[in-house]
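Here's the structure we're looking at; comments come further down.
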Amino acid sequence: MAIVKLEPAKKSAIWGGRKLIEEFGKKFNGENLAETWELSAHPDGPSVIASGDDAGLTLPEYIEKHGKGILGSNCERFEEFPILIKLIDAKGDLSVQVHPDNAYAGVHENQYGKTEMWYVVDAEPGARLCYGCSRDVTKEEFRKHIEEETLDEVMNMVLVKPGDVFFIASGTIHAIGGGIVIAEIQQNSNVTYRVYDYGRVGADGKQRELHIDKALDVAKLSLPKTDYDFGEHIGLCDCFEVDLHKIDGNKLTAIAAPDSFVSILVTDGEGTVGSNEDSISVSKGDSVLITAGSGEFSIEGHLTVIKTVVP
C-alpha cells in the first residue's frame with residue numbers, strides 16, 4: 001500500500017485572496033494565493049510528493065518511477081493523467097468563461113477539454129456565481145452584450161452557501177464570484193476561453209486576453225442542465241467519481257481497488273488517513289494520494305473529505 005501526502009502547485013491571480021494561506025495552511029510568499037493544484041500531473045503545475053521515500057518527486061516523476069499501474073486499470077483508456085483537483089479562493093470575481101469539449105480542444109489546443117464540478121467549501125453571505133445563461137441567447141446577442149458590457153443581463157446568477165455542488169459540463173458559461181472558496185474536480189486540462197473580464201488589467205498593466213470567437217464556437221447559451229442523477233455521488237462523469245464524507249469522531253473504511261487510485265482532499269477538520277501498514281495525519285487543506293490496488297484504508301477523526309476516483 002502507498003499512501004502519500006501531496007504538496008500542491010500554487011497560482012496567484014488578480015482575483016485571488018489569502019484564505020488558502022491563512023485558513024488552509026498553504027505556505028506562500030506572494031500577496032495572494034488564488035489556486036492550489038492539489039492533485040495535478042499537468043505540465044503547467046504538477047503537484048509534488050510530500051511524504052515517504054519519494055518526497056520531492058513531482059507526480060509525473062512518481063508515476064514514471066512506479067509505473068502507470070499505480071493509477072489503476074480505469075486510467076488505461078486515457079493517454080494522460082485524467083483529472084486535476086484544485087482549491088480556489090476567489091476574493092474577487094473570476095472572469096466569465098467557458099471550456100471546450102474534448103473534440104474541440106483536441107483540434108484547437110492539443111489537449112483535453114474540460115468538464116468540471118465545484119463543491120463550495122466556504123461562501124460569504126450574499127456570495128454569488130454565474131452558472132449558465134438566464135435564458136436562451138443567440139450568439140449574435142451574446143457578442144453584443146460582451147461588446148456593450150451588459151453581459152450581466154443574461155447571466156444566470158446563483159446565491160451560494162457552503163456545501164452547494166455545481167456540475168459544469170463543457171460548454172457551460174460560468175464564473176466564480178467573489179467571497180467563495182471552491183474545491184474543483186476537473187478533467188486534466190488548462191484550456192479556458194475568457195469572454196468577459198470586467199475591463200481589469202493584470203500586473204503588466206494590460207487587459208487580460210479574451211477568446212470570444214472560440215468561446216462562441218463552444219458555448220451553450222442557455223439555462224444550464226441541473227437534473228443530473230449522480231446516485232450516491234456528488235459528481236460523476238467519464239473522468240471522475242466524487243463522494244463527500246463528513247466524519248465526526250468515527251471511522252470511514254474504504255477500498256483502494258485495482259481499478260483506480262484514490263484522491264482524498266480534506267476541506268475541514270483534522271484526522272488520519274491510513275491502514276494497518278501506514279498512516280498519515282491530515283488537516284484542512286491536505287491532499288492525499290492512495291495508489292490503486294492498495295486495498296482497505298480508513299479515515300478517522302473530525303473532518304470533511306472529498307474522495308475522488310476514476311470510474
Side-chain angles (χ1 to χ4, degrees), residues 3 38-39 71-78 81-88 99 101-102 112-123 129 131-132 156 158-172 174 176 180-189 220 222-248 250-269 271 273 282 287-301 303-311:
I3 302 176
E38 298 292 338
L39 177 72
L71 303 182
S73 57
N74 290 350
C75 294
E76 293 175 359
R77 67 183 186 271
F78 299 101
F81 192 79
I83 62 175
L84 200 166
I85 298 177
K86 303 176 180 178
L87 287 170
I88 299 174
H99 306 301
D101 61 15
N102 286 341
Y112 290 141
K114 191 193 293 189
T115 285
E116 63 192 29
M117 62 159 289
W118 296 338
Y119 172 78
V120 179
V121 178
D122 189 23
L129 56 77
Y131 185 39
N156 180 42
V158 182
L159 281 167
V160 299
K161 64 185 183 303
D164 285 347
V165 176
F166 297 87
F167 189 81
I168 317 290
S170 59
T172 305
H174 62 278
I176 304 171
I180 303 173
V181 177
I182 276 177
E184 178 176 284
I185 298 91
Q186 58 162 88
Q187 285 181 270
N188 184 19
S189 171
K220 301 168 185 174
S222 59
L223 278 165
K225 174 180 169 64
T226 57
D227 58 343
Y228 294 102
D229 182 8
F230 300 130
E232 62 185 7
H233 312 294
I234 64 170
L236 179 64
C237 68
D238 181 55
C239 294
F240 52 75
E241 175 185 295
V242 185
D243 296 306
L244 179 72
H245 298 288
K246 296 185 178 182
I247 302 156
D248 189 15
N250 55 332
K251 177 192 289 191
L252 172 72
T253 301
I255 301 289
D259 57 6
S260 177
F261 65 88
V262 180
S263 164
I264 302 293
L265 178 63
V266 183
T267 61
D268 196 23
V273 179
V282 294
S287 175
V288 171
L289 173 69
I290 305 172
T291 55
S294 290
E296 185 175 292
F297 67 94
S298 62
I299 306 172
E300 298 181 68
L303 68 170
T304 301
V305 303
I306 293 173
K307 179 170 73 72
T308 304
V309 300
V310 176

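The figures that follow rest on heavy atoms only: side chains count, while hydrogens, waters and symmetry mates do not. Keep in mind that what you see is a predicted model, and the values were worked out from it rather than measured.
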Which residues pass the side chain to side chain contact (heavy atoms under 4.5 Å, CB included) test with E300, not counting sequence neighbours?
K251, T272, S298
CG on D238 to CG on N74, rounded to 0.5 Å
9.5 Å
How long is the span from the CD1 atom in I168 to the CH2 atom in W118, to the nearest 0.5 Å?
4.0 Å
Roughly how far, to the nearest 0.5 Å, is OG of S260 from CD1 of I255?
13.5 Å
Residues V310 and C75: closest non-hydrogen pair is CG2-SG, 3.8 Å
Just by distance, do the side chain of N102 and the backbone of G113 share a donor-acceptor pair under 3.5 Å?
yes
Please report the interatomic distance CD1(I83) to CZ(F78), rounded to the nearest 0.5 Å.
9.5 Å
Checking K220 side chain against S170 main chain: does a donor-acceptor pair fall under 3.5 Å?
yes
Measuring only between side-chain heavy atoms, which start at C-beta, is Y131 closer than 4.5 Å to V160?
no
Between the side chain of N188 and the main-chain N/O of F81, is any donor-acceptor distance below 3.5 Å?
yes
T267 and I306: side chain to side chain contact (heavy atoms under 4.5 Å, CB included), yes or no, with the steps?
CA-CA 7 Å; T267 61; I306 293 173; 3.8 Å; yes
May I ask you to check whether over 12 heavy atoms, not counting those of K225, lie within 6.0 Å of atom NZ?
yes
Using modelled atom types and a 3.5 Å cut-off, is there a donor and acceptor pairing between side-chain atoms of Y228 and backbone atoms of I234?
no
I'd like to know if the side chain of D268 reaches the main chain of T304, judged simply by a donor and an acceptor atom lying under 3.5 Å from each other, with no hydrogens or angles considered.
no
Parallel, tilted or perpendicular: rings of H174 and H99 (30°, 60°):
tilted
Please find the pair of heavy atoms, one from S287 and one from L265, that lie closest to each other, and give the distance.
CB-CD1, 4.2 Å
Grab the two heavy atoms, one from Q187 and one from F240, that are nearest each other, plus how far apart they are.
N-CE2, 4.2 Å
I would like to know whether V273 and I290 meet side chain to side chain contact (heavy atoms under 4.5 Å, CB included); could you show each step before the answer?
CA-CA 10 Å; V273 179; I290 305 172; 4.1 Å; yes
Give the minimum heavy-atom separation between K307 and V262, together with the two atoms involved.
CG-CG1, 3.7 Å
dist F297:CZ -> T253:OG1 (nearest 0.5 Å) comes out at 9.0 Å
On a heavy-atom basis, the closest approach of G235 and M117 is CA-SD, 3.6 Å
From I185 atom CD1 to L236 atom CG, the distance as rounded to the nearest 0.5 Å:
12.5 Å
Qualifying residue for side-chain hydrogen bond (donor to acceptor under 3.5 Å, both in side chains) with K86, from E116, E38, Q186
Q186
Test side chain to side chain contact (heavy atoms under 4.5 Å, CB included) on V120 and F166; report intermediate values, then the result.
CA-CA 8 Å; V120 179; F166 297 87; 4.1 Å; yes
Under the criterion side chain to side chain contact (heavy atoms under 4.5 Å, CB included), I'd like the reasoning laid out for I299 against H245: C-alpha separation, chi angles, the key distance, then a yes or no.
CA-CA 10 Å; I299 306 172; H245 298 288; 5.7 Å; no
Considering all heavy atoms of both residues, which atom of Y112 and which atom of S189 are nearest to each other, and what is their separation?
O-OG, 2.7 Å
Is D164 reaching over with its side chain to a backbone N or O of K161, donor-acceptor style, under 3.5 angstrom?
yes
